[in-house]
Amino acid sequence: MGLMRKMTSISTLGLVDFRSDKERTAKYTRDTRDATREAIEAQEAAAKYARQTRNATRVTVVQNMMMLDQQRRQLAQDRVHHVESQANAHILAGGQQQQSWPEPQQIAPQAPPPYVPDSIPAGWYDDGNGTTRWYDGQRWTPHTR
């Protein structure tokens, strides 16, 4: 019977479907199952790629952290050696050379901008510190020029 159906279908160039409802349902079920399997496989492949990428990123971050820590330690060690060599040079010179260490710079506290009454219009004004600051009509803003 199946051969007869195929022969008839070929003779009608596939325009007439000679499959039974049961055969059409079985084919639809197979096609749907296959498509679902392919979709699940694609999702699993994407999840695997995401895990691999995440793990590679973690490895890179840890390597960078280790490298930065090593550089930090090396800089600290270099600083200690530099200070020790300066002290040894001073001792070898008989302590007669005075090491001139730079004086720490003090940051002068800035006075708050002067009080400006509400009657003054918005604009650029000298804030009393030698800086031109924007006054918005009610208060001083952080904008300077």
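In this chain, numbering begins with 1 at the start of the sequence shown.
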- Check ion pair Asp34-Arg30 (N to O, under 4.0 angstrom):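 No, Asp34 and Arg30 are not salt-bridged.
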- Item | Closest heavy-atom pair and its distance - Thr131, Asp126 |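 For Thr131 and Asp126, the tightest heavy-atom pair comes out as O-OD1, 3.3 Å.
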- Query: Which atoms form the tightest heavy-atom contact between Tyr135 and Pro121, and what is the distance?
  - Reply: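 It is CD2-O, 4.0 Å.
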- Message: I'd like to know whether Leu75 forms a side-chain contact (heavy atoms from CB on, under 4.5 Å) with Arg79, so could you lay out the CA-CA distance, the side-chain angles of the two residues, the decisive distance to 0.1 Å, and finally the verdict.
- Response: CA-CA 6 Å; Leu75 287 171; Arg79 177 69 181 148; over 6 Å; no
- Message: Run the side-chain contact (heavy atoms from CB on, under 4.5 Å) test on Arg24 and Lys27 for me, step by step, so that the C-alpha distance in whole Å, both residues' side-chain angles and the decisive distance to 0.1 Å come before the verdict.
- Response: CA-CA 5 Å; Arg24 278 195 298 274; Lys27 182 177 182 333; 5.8 Å; no
- Taking the side chain as C-beta and beyond, is there a heavy-atom pair between Gln70 and Arg73 under 4.5 Å?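 No, every pair of side-chain atoms sits at 4.5 Å or beyond.
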- Within the side chain of Asp69, is there an N or O that forms a donor-acceptor pair under 3.5 Å with the backbone of Met65?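 Side chain of Asp69 to backbone of Met65, a donor-acceptor pair under 3.5 Å: no, none is there.
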- Take Trp134 and Arg145 through the test side-chain contact (heavy atoms from CB on, under 4.5 Å) and record every step on the way to the result. CA-CA 8 Å; Trp134 180 257; Arg145 66 175 181 175; over 6 Å; no
- Task: Quick one: do Tyr125 and Arg133 satisfy side-chain contact (heavy atoms from CB on, under 4.5 Å)? Show the steps, please.
- Result: CA-CA 5 Å; Tyr125 296 97; Arg133 185 177 301 271; over 6 Å; no
